[in-house]
S.K.: 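After the structure tokens below, expect a handful of questions from me.
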Amino acid sequence: DFNNSIGNRFGNPSSSWSSLIQGDFRQPLLRGSNAMFNRIAGPNVNDGVFNGVLIAKTRTDVSAADFKTAIRNYIADVENAYWDLYFAYRDLEARKMARDNALESWRRIKALGNEKKAGGEADKEGQAREQYYRFEAEVNDALYGRVTDATRSNNGSGGGTFRPSSGVRISERRLRLLIGIPANGAELIRPSDEPSMVPISFDWTSCVSQALTNRPEVYRQLQRIKRVKMEMFASRASLMPQLDFIGRYTVRGFGKDLIGSTDLEPSDSAVENLFDFNNQEWQLGLDLN
């Protein structure tokens, strides 16, 4: 520190330099003395606001569990979209078959009517025609469809509960969007894999055990419980008074110049006077709040 006050010891005009090296320490004896408390609470802690490394770790684990949940749901949605499209094609073929049968029935009844035979009455011919056009409309719906909710995870029912698709093109576009290819392509995607018809017997005890161990929602909730427990521990520790053992050690130097001196006036250098270690002071005590 440089000071040019006229009241200092070096006369008028004057200048003086003072220098110091100082070290402080503070060791909590009550509140904050526990290493676990500091890992939970973090530096410069405020009551009820904890941002220590252990809290940060639980937040990271929760974020990782959320990411795993999103990846799992995405894979499930892709698989569901695949089988929805498979069903849409099977549904389309079934409706085409029903339409063709209705067309054949209409033609047969119309032929009977042209020949003035029993069974070819106008009301029956009209009913057969209406049925054919209804099946034709269902074929168009099965091909082009309308936008509805499809099979997906977390759809308000059991996991992966099947919801009939609303058309080949709607289901195909949904699958395209999920797997990251253009929504409007030059060709239609058609599933090549057939569903397995082999009966599956699940070991539900093992399934439950694996779900409790690996399911990210359970892990995320466990991490939140762990975080709340640590915050409760830190909150209880915060109720104690602040009693710290404190200390300070200082070495001071003083001179007319910052650096440089003569043999006649060794006090001219503040730095040299500092490293003579003739001006030392120390302090020890307790600080209670």
S.K.: Check P28 against S33 and note the closest heavy-atom contact, atom names and distance.
M.R.: O-CB, 3.2 Å
S.K.: Does any non-hydrogen side-chain atom of R72 lie less than 4.5 Å from one of R215?
M.R.: yes
S.K.: As an exercise, state the distance from CD of Q131 to CG of L103, rounded to the nearest 0.5 Å.
M.R.: 11.5 Å
S.K.: Does some side-chain heavy atom of L274 sit less than 4.5 Å from a side-chain heavy atom of F254?
M.R.: no
S.K.: Once rounded to the nearest 0.5 Å, what's the spacing between atom CG of N214 and atom OG of S209?
M.R.: 8.5 Å
S.K.: Please report the shortest heavy-atom distance between A65 and P216, naming the atom on each side.
M.R.: O-CB, 3.6 Å
S.K.: Should R220 and D66 count as an ion pair when the cut-off is N to O under 4.0 Å?
M.R.: yes
S.K.: If you define the side chain from C-beta out and look only at heavy atoms, does anything of V251 sit under 4.5 Å from L20?
M.R.: no
S.K.: Do the side chains of L143 and V139 get nearer than 4.5 Å, heavy atoms only?
M.R.: no
S.K.: Does R95 come within less than 4.0 Å of D91, counting only side-chain N to carboxylate O?
M.R.: yes
S.K.: Under a single-linkage definition using a 4.5 Å side-chain heavy-atom cutoff for Ile, Leu, Val, Met, Phe, Trp and Tyr, are L239 and I40 assigned to the same hydrophobic cluster?
M.R.: no
S.K.: Just do the side-chain contact (heavy atoms from CB on, under 4.5 Å) check on F50 and S235 with the steps written out, would you?
M.R.: CA-CA 9 Å; F50 306 116; S235 297; 3.5 Å; yes
S.K.: How far apart are the closest heavy atoms of T58 and Q223, and which atoms are they?
M.R.: CG2-OE1, 4.0 Å
S.K.: side-chain contact (heavy atoms from CB on, under 4.5 Å) between R190 and Y89: does it pass, once the steps are laid out?
M.R.: CA-CA 8 Å; R190 180 156 189 161; Y89 275 107; 3.6 Å; yes
S.K.: Cut-off 3.5 Å, side chains only: do N140 and E138 have a donor facing an acceptor?
M.R.: no
S.K.: What's the separation between atom CD in E125 and atom CZ in R108, rounded to the nearest 0.5 Å?
M.R.: 13.5 Å
S.K.: Using the rule that Ile, Leu, Val, Met, Phe, Trp and Tyr join whenever any side-chain heavy atoms are under 4.5 Å apart, tell me whether L258 and F277 fall into a single cluster.
M.R.: yes
S.K.: Can you tell me if CD on E121 sees more than 12 non-hydrogen neighbours from other groups inside 6.0 Å?
M.R.: yes
S.K.: What do you reckon, is CZ of R134 surrounded by more than 12 foreign heavy atoms closer than 6.0 Å?
M.R.: yes
S.K.: When you group the ILVMFWY residues by side-chain heavy-atom contacts below 4.5 Å and let the links chain together, are F135 and M97 in the same group?
M.R.: no
S.K.: Flag yes if L178 and V168 sit in one hydrophobic cluster, no otherwise; membership is Ile, Leu, Val, Met, Phe, Trp, Tyr, and two members link when side-chain heavy atoms are under 4.5 Å apart.
M.R.: yes
S.K.: Flag yes if more than 12 heavy atoms outside F245 fall under 6.0 Å of its CZ atom; otherwise flag no.
M.R.: yes
S.K.: Heavy atoms only: give me the nearest G247-L284 pair and the separation to one decimal.
M.R.: CA-CD2, 3.9 Å
S.K.: Just do the salt bridge (charged side-chain N to carboxylate O under 4.0 Å, His left out) check on E281 and R252 with the steps written out, would you?
M.R.: CA-CA 8 Å; E281 57 186 61; R252 297 184 180 273; 3.1 Å; yes
S.K.: Can a donor-acceptor pair be found between the side chains of N273 and N278 at a distance below 3.5 Å?
M.R.: no
S.K.: So D61 and K57, salt bridge (charged side-chain N to carboxylate O under 4.0 Å, His left out) or not? Walk me through it.
M.R.: CA-CA 6 Å; D61 291 339; K57 182 179 182 300; 3.1 Å; yes
S.K.: Going through the checks in order, is the side-chain contact (heavy atoms from CB on, under 4.5 Å) test met by L175 and I181?
M.R.: CA-CA 9 Å; L175 180 60; I181 63 177; over 6 Å; no
S.K.: In terms of heavy-atom contacts, does CZ of R39 have more than 12 from other residues, nucleotides or ligands at under 6.0 Å?
M.R.: no
S.K.: Heavy atoms, side chains only, cut-off 4.5 Å: are R31 and P241 in contact?
M.R.: no
S.K.: Check for me whether the distance between the ring centres of Y132 and W106 falls short of 6.0 Å.
M.R.: yes
S.K.: Which pair of heavy atoms, one from L177 and one from A183, lies closest together, and at what distance?
M.R.: CD2-CB, 3.9 Å
S.K.: About how many Å separate CZ of R176 and CZ of R169, when rounded to the nearest 0.5 Å?
M.R.: 9.5 Å
S.K.: Have R174 and N80 got a donor and an acceptor in their side chains that come within less than 3.5 Å?
M.R.: no
S.K.: What's the shortest heavy-atom distance between E187 and E172, and which atoms?
M.R.: O-OE2, 3.6 Å
S.K.: Whether the side chain of N38 engages the backbone of G32 through a donor-acceptor N/O pair (distance < 3.5 Å, no angle test) should be reported.
M.R.: yes
S.K.: Should E231 and K226 count as an ion pair when the cut-off is N to O under 4.0 Å?
M.R.: no
S.K.: For the hydrophobic clusters of this structure (ILVMFWY residues joined by side-chain heavy atoms under 4.5 Å, transitively), does one cluster hold both L85 and V78?
M.R.: yes
S.K.: So how far is it from I179 CD1 to Y74 OH, rounded to the nearest 0.5 Å?
M.R.: 7.5 Å
S.K.: Using a distance-only test with no angle check, is there a side-chain donor-acceptor pair under 3.5 angstrom linking Q210 and S206?
M.R.: yes
S.K.: Are there over 12 heavy-atom neighbours, none belonging to N184, within less than 6.0 Å of that residue's CG?
M.R.: no
S.K.: Regarding R90 and Y86, is there a side-chain donor-to-acceptor distance under 3.5 Å anywhere?
M.R.: yes
S.K.: Go through it in stages, so that I can follow the logic: the residues are R99 and E104, the test is salt bridge (charged side-chain N to carboxylate O under 4.0 Å, His left out), and I'd like the CA-CA distance, side-chain angles, deciding distance and then a yes or no.
M.R.: CA-CA 9 Å; R99 180 202 60 186; E104 183 64 26; over 6 Å; no
S.K.: Under the side-chain contact (heavy atoms from CB on, under 4.5 Å) criterion, do N289 and D287 qualify, and how do the steps go?
M.R.: CA-CA 7 Å; N289 291 311; D287 184 15; 4.0 Å; yes
S.K.: Taking C-beta and beyond as the side chain, do Y219 and L212 meet within less than 4.5 Å on heavy atoms?
M.R.: no
S.K.: Is there side-chain contact between T69 and E217, with heavy atoms separated by less than 4.5 Å?
M.R.: yes
S.K.: Give a yes or no on whether the ring-centroid distance for Y249 and F25 is below 6.0 angstrom.
M.R.: no
S.K.: Between CD1 of I246 and CG of L29, what distance do you get to the nearest 0.5 Å?
M.R.: 10.5 Å
S.K.: Are side-chain heavy atoms of T250 and Q280 found at a separation under 4.5 Å?
M.R.: no
